[in-house]
A.B. asks: 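Okay, here's the structure, questions in a sec.
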Amino acid sequence: MPSFHNAYINFSHMTPMVDFTAIEQKWQQRWYEERLYEGRRGGDKKFFIHFAYPGISGYLHVGHMRGFAYADMIARYKRMTGHAVCFPAGFHASGLPAVSLAKKVERRDPAVLQYLRENGCPEEVIANLADPAEVVRYFSQVYVDDYWKRFGFFIDYTRLTDTVSPGYRRFIQWQFHKLREKELLTKKPHFAPFCPQCGPVAVDKSETDISEGGDAEVLEFTVIKFTMDDMVLPAATLRPETVFGVTNMWVHPDVEYVVAEVGNERWIISEEGLRKMASQMEGEIRAVDTVKGSQLVGKTCTDPLVNREIPVLPATFADPGVATGIVMSVPAHAPYDYVALREAAPDIEPLVIINVEGYQVPAREVVEEMGIRRQEEHEALEEATRRVYKEEFHRGVLNRRCGEYAGTAVAEIKDAVKNALLEAGQAAVLREFSLPVICRCGSPVVIKRVPHQWFIRYSDSTLTETSKEHVQSMHIFPEEYRQELPKVLDWFGDRACIRQGSWLGTEFPFEEGWIIEPISDSTLYPAYYVVAKYVNQGRIQPGDMSLDFFDYVFLGRGAPADPLWEEARQDFLYWYPVDINLGGKEHKTVHFPVFVMNHVAVMEPRHWPQGIFVHWWITQQSGEKISKSKGGAVPIPDAARRYGVDTMRLYYAHIGAPFVDIEWDGDTAATYRKRLVRLWHLAQELLEAGGEEAGDVDDWLTAVGGRAVNEVRGAMEEYELRRAANIIFFDLPNHLQWYQRRGGQHRATVRRLLRTWLTMMTPFTPHLAEELWEKMGERRLVSQQAFPEPQKVDEHILQREQLLVDTLQDVQEILSVTSLDPSTIYIYTAPPWKWEVAETASRLAENGTLSMGGLMKQVMEDENMRRQGKAVPAFVQKLLPEVQRGTMYRRIDEYGHLSNAREFLERELGAQVRVFRADEQAPDPGNKKDQAVPLRPAIYAE
RNA sequence: GCGGGGGUACCCGAGCGGUCAAAGGGGCAGGGCUUAGGACCCUGUGGCGCAGGCCUUCGAGCGUUCAAAUCGCUCCCCCCGCACCA
């Protein structure tokens with residue numbers, strides 16, 4: 001990331017005026033000494049927030065801090081608004097990542113060693129990291145010290161836990177007992193990605209378990225058994241419905257196929273195909289002979305469904321590495337087959353079995369249109385296949401050649417044909433990755449049948465429906481996810497919940513040798529944070545945490561065997577339910593649904609979660625998720641040092657809505673830093689204000705501050721952190737600057753505003769806020785201040801200052817358009833009668849009875865008005881559309897305010913300014929007086 | 001395919017029926033000040049305007065409405081998830 005390095009210029013030769021690092025250390029020390037972070041019961045307002053704990057896979061980077069920072073800002077805000085807050089955190093240590101890191105350290109993998117060193121891992125620690133338990137221990141410490149505490153988070157550090165600690169394991173075993181009691185565990189066969197060396201692995205884009213192939217999909221081939229003498233020629237296809245249109249078979253002439261015993265059948269299949277079948281089928285399969293492809297060419301076989309005799313032909317595109325290596329040919333609908341058949345046997349006619357409007361023989365027409373000549377043109381043929389398939393799938397209908405399926409749409413038929421073939425024993429299923437998948441250990445990953453796999457029955461209809469219903473009442477952010485989650489719950493099927501192998505995790509209580517997999521052991525865990533505190537304090541031993549213990553603490557069942565049980569029960573009753581579970585968008589279809597469903601399944605309804613907050617990612621500049629391998633990982637301590645912790649916090653809060661991906665850019669972080677420096681100096685300047693006399697601007701500053709408080713509170717209550725930060729760090733400072741520009745310097749007003757401002761800053765940039773707070777002479781911590789209460793705001797004061805701003809702008813626009821350099825500027829404020837008309841119009845608009853006629857009638861009742869003559873209808877005509885557009889007129893003292901600001905205007909405009917009432921005797925050299933209307937004084941410059 | 005999200009001025013990003021030529025930041029330009037740390041302050045940054053105005057714009061095209069960046073439909077383009085990864 002070159003820009004990151006460019007962004008940083010070394011200032012060490014200068015004396016920094018704001019030493020962020022020193023300020024951070026100073027206040028963190030005080031906070032942590034005073035244990036402000038600890039969640040203690042108290043009062044009737046409580047708030048329980050946690051984030052989806054991070055997996056332990058090594059060092060984290062700036063992207064990960066986004067969500068943690070959100071959680072801390074919310075937690076701090078809640079603290080300052082009178083809530084008892086519990087904000088615990090933990091570490092997800094289960095699964096492969098820690099083990100895999102340890103393995104690499106053990107074999108001294110150079111890339112991993114370099115990565116550890118670059119992140120500042122001491123040599124003596126590296127030596128220990130060959131032990132997975134040490135990986136967990138060490139990185140837990142790194143996350144706490146170098147990330148969370150370094151960023152000033154008020155996480156409850158007394159409740160830290162990890163998912164492989166003995167206590168946690170007891171908890172998970174209890175959870176599985178509960179699931180079993182509810183009959184939510186079941187056992188059935190399963191097909192899983194499997195490494196012959198490592199056992200089951202996860203195939204996903206983050207490539208946690210694998211080194212290649214994270215994008216692979218699992219394709220489900222239907223293997224149709226064509227018979228050839230006493231043998232089976234198993235043709236694999238993704239489109240079983242096309243079996244009606246087969247004209248021939250393809251084999252590769254140069255490939256050595258094997259003859260294998262499959263049950264009581266003898267199959268001809270490629271060697272790779274045999275291996276795949278073997279790992280996925282029941283019973284033993286073994287090769288007994290071989291046969292060259294060319295030896296098969298010229299024979300015939302029988303299509304099982306239509307019982308038709310067809311020839312075996314040679315084709316070089318028949319890849320032995322794909323599925324069974326035997327391909328059935330459907331030339332009318334498969335471009336590959338069409339092209340190959342044209343070469344091999346031009347006399348065979350394609351059999352059209354799917355009617356698509358606009359096509360006769362779809363494959364032929366697409367191939368001809370694209371000008372494809374040879375079966376080696378793979379790219380073009382792939383494209384042609386996609387096109388044909390797309391058309392046929394959406395618009396195709398099976399024709400009379402398809403027997404009982406004639407007349408059905410392709411989109412609806414696929415599974416029917418497959419199932420019929422399977423039931424008749426004329427087909428099998430073969431699953432295969434769409435791309436090569438390689439395990440971290442280097443072996444190719446296959447799909448393996450696990451005969452007796454335990455599942456959690458998330459498909460259970462009661463569980464699904466109850467969960468969906470409960471979700472309706474939850475606070476879910478963003479709104480889009482609130483609508484999506486019920487659909488995810490519907491889609492969520494049974495989940496394999498245990499696996500074998502050398503993984504970290506909890507032993508499955510109902511079958512030896514199996515370990516609960518890492519998603520299934522992290523669904524109910526916020527409850528465990530309640531207990532974790534006691535474990536950490538040594539007040540209860542994991543061995544004493546029996547099923548009865550958890551039953552009592554979490555469900556109120558049975559009787560306490562120890563006073564501590566009762567204490568824990570009371571804690572649980574106080575803190576639960578979870579108010580916010582916060583996590584990245586990667587959790588939308590994995591963690592959050594099971595988080596909800598497990599609570600629904602196990603806990604009492606009153607303890608089901610109340611809220612979910614989903615945030616998007618910080619990506620690399622390419623838009624990719626940041627990853628170590630792609631070089632985009634900025635270490636967190638580096639970022640803290642370079643930009644400052646408060647800068648980073650503000651960056652996260654303000655760079656974009658939580659619900660968009662943000663591209664990391666060091667330059668941008670640097671501008672936030674600059675912003676904070678500027679605010680620092682602004683605050684310093686304001687502290688020096690020593691004025692005794694308050695004026696108009698002071699009233700305005702108070703009003704504008706009050707409005708900011710109300711808006712920030714409104715935003716924070718909805719967790720709109722960006723909007724709040726925008727007001728605090730951008731709008732309000734701009735107002736303060738305007739105040740200065742207006743000459744404001746009243747000591748008491750400024751200090752009052754500063755107190756409010758710093759207090760509101762605290763959730764976002766707590767260190768800076770503390771430091772400035774102290775400079776104001778405050779002794780207590782701003783972190784312990786109450787957030788400013790909602791305030792009454794005098795709209796008139798805001799409006800009259802707005803009048804000044806608008807008027808100044810109007811003058812400037814006039815000057816810029818006319819290129820005048822005036823010596824005198826005349827300003828005329830609207831006469832009272834125009835205000836009266838405007839106010840009357842506004843009142844009528846509020847009642848919804850505004851009309852030209854009605855307004856004129858009412859206005860003209862007044863003798864004063866009648867005296868104005870035809871000026872009244874002229875004004876009303878101009879005014880009406882303005883009011884209809886929604887402008888509300890409430891009288892302000894325009895003349896008084898502008899007169900008071902006369903000196904300011906003269907300073908700004910560099911000319912003499914004369915303010916008059918339009919209705920009084922006054923010089924009017926430009927003849928502009930009559931143009932004065934409410935909120936729009938007439939202006940003349942000369 | 002199923003499910004979800006997007007396309008806003010030079011860039012990032014607000015806005016999601018009127019107060020919108022569209023916040024805020026960045027960049028760029030002009031001016032001021034002379035240096036708060038990559039300075040700071042003011043002004044400008046769609047076009048046209050010698051009086052505060054007018055015209056054209058928010059992926060494209062229709063439409064609803066007195067009124068649309070905002071609502072509906074169609075189309076184009078981009079992104080994400082789809083399951084033993086937290």
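Labels below follow one simple rule: chain letters A, B, ... track the order of the sequence lines, proteins then strands, and each chain is numbered from 1.
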A.B. asks: Using the P atoms only, state how far B/rG15 lies from B/rC66, rounded to an integer number of Å.
C.D. replies: 28 Å
A.B. asks: To the side chain of A/Lys674, which of B/rA83, B/rG27, B/rG52 is closest?
C.D. replies: B/rG27
A.B. asks: Write down the distance between CZ (A/Arg673) and P (B/rA39), rounded to a whole number of angstrom.
C.D. replies: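 Going from CZ in A/Arg673 over to P in B/rA39 covers 13 Å.
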A.B. asks: All N/O contacts under 3.5 Å from nucleotides 5-13 of chain B to the protein, with atom names and distances to one decimal?
C.D. replies:
{"unit_1": "B/rG13", "atom_1": "O2'", "unit_2": "A/Arg722", "atom_2": "NH2", "d": "2.9"}

A.B. asks: Classify the side chain of A/His92 and the base of B/rA86 as holding, or not holding, a donor-acceptor pair under 3.5 Å.
C.D. replies: no
A.B. asks: We want to know whether A/Tyr826 and A/Glu942 form a side-chain donor-acceptor pair, criterion being a heavy-atom distance below 3.5 angstrom.
C.D. replies: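 Judged by distance alone, the side chains do pair up.
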A.B. asks: Roughly how far, to the nearest 0.5 Å, is CG of A/Asn726 from CD of A/Glu711?
C.D. replies: 10.0 Å
A.B. asks: Please produce a list of atom pairs where a protein N or O lies less than 3.5 Å from an N or O of nucleotides 47-50 of chain B.
C.D. replies:
{"unit_1": "B/rC50", "atom_1": "O4'", "unit_2": "A/Val817", "atom_2": "O", "d": "3.3"}

A.B. asks: Please give the distance between the P atoms of B/rA39 and B/rA29 as a whole number of Å.
C.D. replies: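 Nearest-Å result for B/rA39 against B/rA29 at atom P: 13 Å.
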A.B. asks: Looking at B/rG52, B/rG4, B/rG81, which one has an atom nearest to any side-chain atom of A/Asp810?
C.D. replies: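 The answer is B/rG52, which lies nearest to the side chain.
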A.B. asks: List every contact pair, protein side and nucleotides 70-73 of chain B side both N or O, where the distance is under 3.5 Å.
C.D. replies:
none

A.B. asks: How close do A/Asn581 and A/His591 get, counting heavy atoms only, and between which atoms?
C.D. replies: OD1-CE1, 3.2 Å
A.B. asks: In whole angstrom, give the distance that lies between atom CZ of A/Phe729 and atom P of B/rA14.
C.D. replies: 18 Å
A.B. asks: Heavy atoms under 4.0 Å, any strand shown: does A/Ala52 hit a base, just sugar-phosphate, or nothing?
C.D. replies: nothing
A.B. asks: At 4.0 Å (heavy atoms only), tell me whether A/Trp491 reaches a base, stays on the sugar-phosphate, or touches nothing.
C.D. replies: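 Answer is base: heavy atoms of A/Trp491 come under 4.0 Å of a base.
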A.B. asks: Which atoms form the tightest heavy-atom contact between A/Glu220 and A/Leu238, and what is the distance?
C.D. replies: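 Looking at all heavy atoms of both residues, the closest pair is O-CD2, 3.5 Å.
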A.B. asks: Expressed in angstrom and rounded to an integer, what is the separation of A/Leu721 atom CG from B/rA14 atom C1'?
C.D. replies: 15 Å
A.B. asks: Expressed in whole Å, how much space separates the C1' atoms belonging to B/rA68 and B/rC73?
C.D. replies: 15 Å
A.B. asks: Distance check, P atoms only: B/rA23 and B/rA14, in whole angstrom units.
C.D. replies: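 Nearest-Å result for B/rA23 against B/rA14 at atom P: 14 Å.
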A.B. asks: Assuming nearest nucleotide by heavy-atom distance, tell me which of A/Pro658 and A/Ala932 is located more 5' along RNA chain B.
C.D. replies: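 That would be A/Pro658.
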A.B. asks: From the options B/rG25, B/rG3, B/rG81, select the nucleotide whose nearest atom is closest to the side chain of A/Arg675.
C.D. replies: B/rG25
A.B. asks: I need the NZ-P distance between A/Lys588 and B/rA86, as an integer number of Å.
C.D. replies: 19 Å
A.B. asks: What is the distance from CD of A/Glu217 to P of B/rA83, rounded to the nearest Å?
C.D. replies: 8 Å
A.B. asks: Are A/His50 and A/Tyr525 close enough that their ring centers fall under 6.0 Å?
C.D. replies: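 Yes - the distance between ring centres of A/His50 and A/Tyr525 falls below the 6.0 Å cut-off.
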A.B. asks: Can you check whether A/Leu219's main-chain N or O pairs, donor with acceptor, with A/Glu217's side chain at less than 3.5 Å?
C.D. replies: no
A.B. asks: Side chain of A/Arg741: nearest nucleotide among B/rA83, B/rU43, B/rA36?
C.D. replies: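 Side chain of A/Arg741 sits closest to B/rU43.
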A.B. asks: If we count only N and O atoms by modelled type, under 3.5 Å, do the side chains of A/Glu813 and A/Ser816 hold a donor and an acceptor together?
C.D. replies: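 Their side chains do not contain a donor-acceptor pair, so the 3.5 Å distance test is not met.
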A.B. asks: Would you kindly say whether A/Asp521 and A/Ser94 are connected by a side-chain donor-acceptor distance under 3.5 Å?
C.D. replies: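 Present: a donor and an acceptor within the cut-off.
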A.B. asks: Should A/Gln737 be listed as having a side-chain N or O under 4.0 Å from OP1 or OP2 of B/rC42?
C.D. replies: yes
A.B. asks: Could you tell me whether A/Arg742 sits above the aromatic face of A/Phe904, with NZ or CZ closer than 6.0 angstrom to the six-membered ring centre and within 45 degrees of the axis?
C.D. replies: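 Output yes; distance and angle both within limits.
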A.B. asks: Which value, in whole Å, describes the distance between the C1' atoms of nucleotides B/rU34 and B/rC40?
C.D. replies: 9 Å
A.B. asks: NA contact type, A/Pro822, heavy-atom cut-off 4.0 Å: base, sugar-phosphate, or nothing?
C.D. replies: nothing
A.B. asks: Measure from the side chain of A/Lys928, starting at C-beta and using heavy atoms only, and say which of B/rA51, B/rG3, B/rG24 lies closest.
C.D. replies: B/rA51
A.B. asks: Looking at A/Arg678, I'd like to know whether one of its side-chain N or O atoms comes within less than 4.0 Å of OP1 or OP2 on B/rC41.
C.D. replies: yes
A.B. asks: When the P atoms of B/rG46 and B/rG25 are considered, how many whole Å apart are they?
C.D. replies: 15 Å
A.B. asks: Given the P atoms of B/rG17 and B/rC54, what is the spacing between them in whole Å?
C.D. replies: 26 Å
A.B. asks: Side chains of A/Tyr458 and A/Asn598: is there a donor and an acceptor less than 3.5 Å apart?
C.D. replies: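 Note: A/Tyr458 and A/Asn598 side chains meet the donor-acceptor criterion.
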A.B. asks: Rounded to the nearest angstrom, tell me the gap between atom CD in A/Gln802 and atom P in B/rU19.
C.D. replies: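 In whole Å, B/rU19 P and A/Gln802 CD are 15 Å from each other.
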A.B. asks: Please lay out, stage by stage, how A/Asp646 and A/Arg673 fare under the test salt bridge (Lys or Arg N to Asp or Glu O under 4.0 Å).
C.D. replies: CA-CA 8 Å; A/Asp646 284 338; A/Arg673 183 184 203 274; over 6 Å; no
A.B. asks: Please determine if A/Lys187 forms a cation-pi arrangement with A/Phe455, meaning its NZ or CZ atom is less than 6.0 Å from the six-membered ring centre and no more than 45° off the ring axis.
C.D. replies: no
A.B. asks: May I ask you to say what A/Tyr940 touches in the nucleic acid, namely base, sugar-phosphate or nothing, with a heavy-atom cut-off under 4.0 Å?
C.D. replies: base
A.B. asks: Checking ring pair (Phe, Tyr, Trp, His ring centres under 6.0 Å) against A/His92, which of A/Tyr53, A/Phe139, A/Tyr168 comes through?
C.D. replies: A/Tyr53
A.B. asks: Once you apply the 3.5 Å cut-off to both distances, tell me the Watson-Crick or G-U wobble partner of B/rC62, or none.
C.D. replies: B/rG72
A.B. asks: Under 4.0 Å from OP1 or OP2 of B/rG52: is there any side-chain N or O of A/Arg936 that close?
C.D. replies: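 So the side-chain polar atoms of A/Arg936 never come under 4.0 Å of the phosphate oxygens OP1 or OP2 of B/rG52.
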A.B. asks: What residue among A/Phe613, A/Trp617, A/Phe477 forms ring pair (Phe, Tyr, Trp, His ring centres under 6.0 Å) with A/Phe659?
C.D. replies: A/Phe613
A.B. asks: When we call it a touch if two heavy atoms are under 4.0 Å apart, what does A/Gly584 touch: a base, just sugar-phosphate, or nothing?
C.D. replies: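 No contact at all - A/Gly584 keeps every heavy atom at 4.0 Å or more from the nucleic acid.
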A.B. asks: Give one of base, sugar-phosphate or nothing for A/Gln684, where a contact means two heavy atoms less than 4.0 Å apart.
C.D. replies: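 Answer is nothing: A/Gln684 stays at 4.0 Å or more from every strand.
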A.B. asks: Is a side-chain N or O of A/Asp924 found less than 3.5 angstrom from the main chain of A/Lys928, in a donor-acceptor match?
C.D. replies: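 Yes, the answer is positive, given that a donor and an acceptor are paired below the 3.5 Å cut-off.
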A.B. asks: I want to confirm an ordering. Mapping A/Asn726 and A/Ala938 to their closest nucleotides on RNA chain B, which one lands closer to the 5' end?
C.D. replies: A/Asn726
A.B. asks: CG of A/Leu101 versus C1' of B/rA86: gap in Å, rounded?
C.D. replies: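 About 16 Å, once rounded to whole Å.
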